[in-house]
Amino acid sequence: DSWGEAKRLLYMGGTSSQDSFHIAGNDLFELMRGYPSGYFTGTGGYMLNLEYRLSLIKIENVFLFIRSVERLYLTLFTDIGNVWLNEKRFDPSISVGAEFSLIILAGDIRTTVSTGMAVGYHPYHKPVIYLRIGKTF
C-alpha cells in the first residue's frame with residue numbers, strides 16, 4: 001500500500017509495463033501473467049507467485065558455435081493477486097501457465113530464451129503467449 005505517502009496508482013497484469021515493453025518495469029504488480037498490462041488498477045495490493053521448475057535435459061557442447069547449451073526446463077506457474085482502490089477486500093485474480101526455457105552459455109554470457117503461455121481466471125482471459133530473452137543470474 002502507499003504507507004501514508006501520497007497516493008500512487010499501481011498496475012497489475014500483463015507482461016509489459018505501463019511505459020515500456022519489458023517485464024515488470026518499476027512495479028511488482030506488473031508481473032502478473034495472463035492479463036493485459038494495467039488491467040487492474042488501484043492504490044494498494046498484493047501478489048503471490050508460485051513456480052515449479054522441472055529440468056528436462058542438460059546438454060554440454062552440442063554445437064560448435066555455442067559452447068554449451070546448459071539446460072532446457074519446463075516451469076509451471078501461478079500468479080495470485082489483488083489490487084484495491086479505496087477499500088481492502090480479498091477478491092484475488094489468478095493466472096496459471098507453463099513456460100519452456102533454454103539456458104545457453106556463450107563464452108561467459110549466460111542467456112535464457114523462454115516461451116510460455118498463461119491464462120487468467122477471475123475474470124477469464126484468453127491465453128497470452130509470450131517470448132522472453134535475457135541474461136540469467
Side-chain angles (χ1 to χ4, degrees):
D1 210 340
S2 302
W3 297 100
E5 298 176 10
K7 296 244 183 227
R8 59 188 175 100
L9 198 60
L10 303 174
Y11 298 93
M12 183 171 71
T15 55
S16 63
S17 69
Q18 184 76 358
D19 300 321
S20 59
F21 296 100
H22 54 83
I23 290 179
N26 296 321
D27 290 316
L28 169 70
F29 297 102
E30 293 167 339
L31 283 171
M32 194 161 185
R33 294 164 281 193
Y35 296 97
S37 181
Y39 189 85
F40 305 99
T41 60
T43 54
Y46 65 88
M47 190 186 87
L48 174 67
N49 174 262
L50 301 172
E51 292 191 6
Y52 177 75
R53 295 177 185 230
L54 173 64
S55 186
L56 300 178
I57 196 167
K58 185 171 181 176
I59 306 170
E60 299 288 345
N61 300 321
V62 178
F63 304 106
L64 295 176
F65 58 91
I66 298 176
R67 288 176 67 187
S68 177
V69 176
E70 183 181 286
R71 190 181 317 128
L72 171 67
Y73 62 88
L74 171 68
T75 303
L76 304 175
F77 62 82
T78 182
D79 292 328
I80 303 168
N82 190 26
V83 169
W84 54 78
L85 188 56
N86 291 318
E87 60 183 57
K88 298 177 185 178
R89 47 176 208 183
F90 186 74
D91 189 20
S93 299
I94 300 170
S95 63
V96 294
E99 177 179 274
F100 280 103
S101 297
L102 177 66
I103 298 178
I104 301 170
L105 290 173
D108 293 332
I109 301 172
R110 195 171 183 204
T111 303
T112 301
V113 179
S114 301
T115 184
M117 184 177 77
V119 64
Y121 294 96
H122 184 65
Y124 173 77
H125 269 284
K126 294 179 182 176
V128 174
I129 298 173
Y130 60 91
L131 174 68
R132 290 187 300 118
I133 300 173
K135 185 176 178 182
T136 301
F137 299 97

Side chain [X], main chain [Y], donor-acceptor under 3.5 Å:
| X | Y | result |
| --- | --- | --- |
| Tyr35 | Tyr124 | no |
| Thr111 | Gly134 | no |
| Asp91 | Asn82 | no |

Review point. Parallel, tilted or perpendicular: which describes the rings of Trp84 and Tyr46, with under 30° parallel and over 60° perpendicular?
Key: tilted

Check your understanding: Would you call the rings of Phe77 and Tyr130 parallel, tilted or perpendicular, where under 30° means parallel and over 60° means perpendicular?
Key -> tilted

Closest non-hydrogen atom pair, [X] against [Y]:
| X | Y | answer |
| --- | --- | --- |
| Ile80 | Pro92 | CG2-CB, 3.8 Å |
| Met32 | Met47 | N-SD, 3.9 Å |
| Lys126 | Val119 | C-CG2, 4.4 Å |
| Ser114 | Leu131 | O-CD1, 3.1 Å |
| His125 | Gly34 | CB-O, 3.5 Å |
| Met12 | Gly81 | CE-C, 3.5 Å |

Practice item. Please examine the side chains of Leu85 and Thr41, heavy atoms only from C-beta on, and report whether any two atoms are closer than 4.5 Å. Key: no

Check your understanding: Side chains of His122 and Ile94: does their closest heavy-atom pair fall under 4.5 Å?
Key -> no

Return the [atom1] to [atom2] distance between [X] and [Y], rounded to the nearest 0.5 Å.
| X | Y | atom1 | atom2 | result |
| --- | --- | --- | --- | --- |
| Thr78 | Asn49 | OG1 | CG | 8.0 Å |
| Ser93 | Tyr121 | OG | OH | 13.5 Å |
| Glu99 | Leu74 | CD | CG | 9.0 Å |

Practice item. Name all residues meeting the salt bridge (charged side-chain N to carboxylate O under 4.0 Å, His left out) criterion together with Glu51; count only those two or more places apart in sequence or in a different chain, and write none if there are none. Key: Arg33, Arg53

**Study point:** Tyr73: ring-ring contact (aromatic ring centres under 6.0 Å, His included) partners, not counting sequence neighbours
**Key:** none

Review point. Is it true that Leu76 and Leu56 fall in one hydrophobic cluster, defined by side-chain heavy atoms closer than 4.5 Å?
Key: yes

Review point. Does one hydrophobic cluster hold both Leu48 and Phe90, with members joined at side-chain heavy-atom distances below 4.5 Å?
Key: no

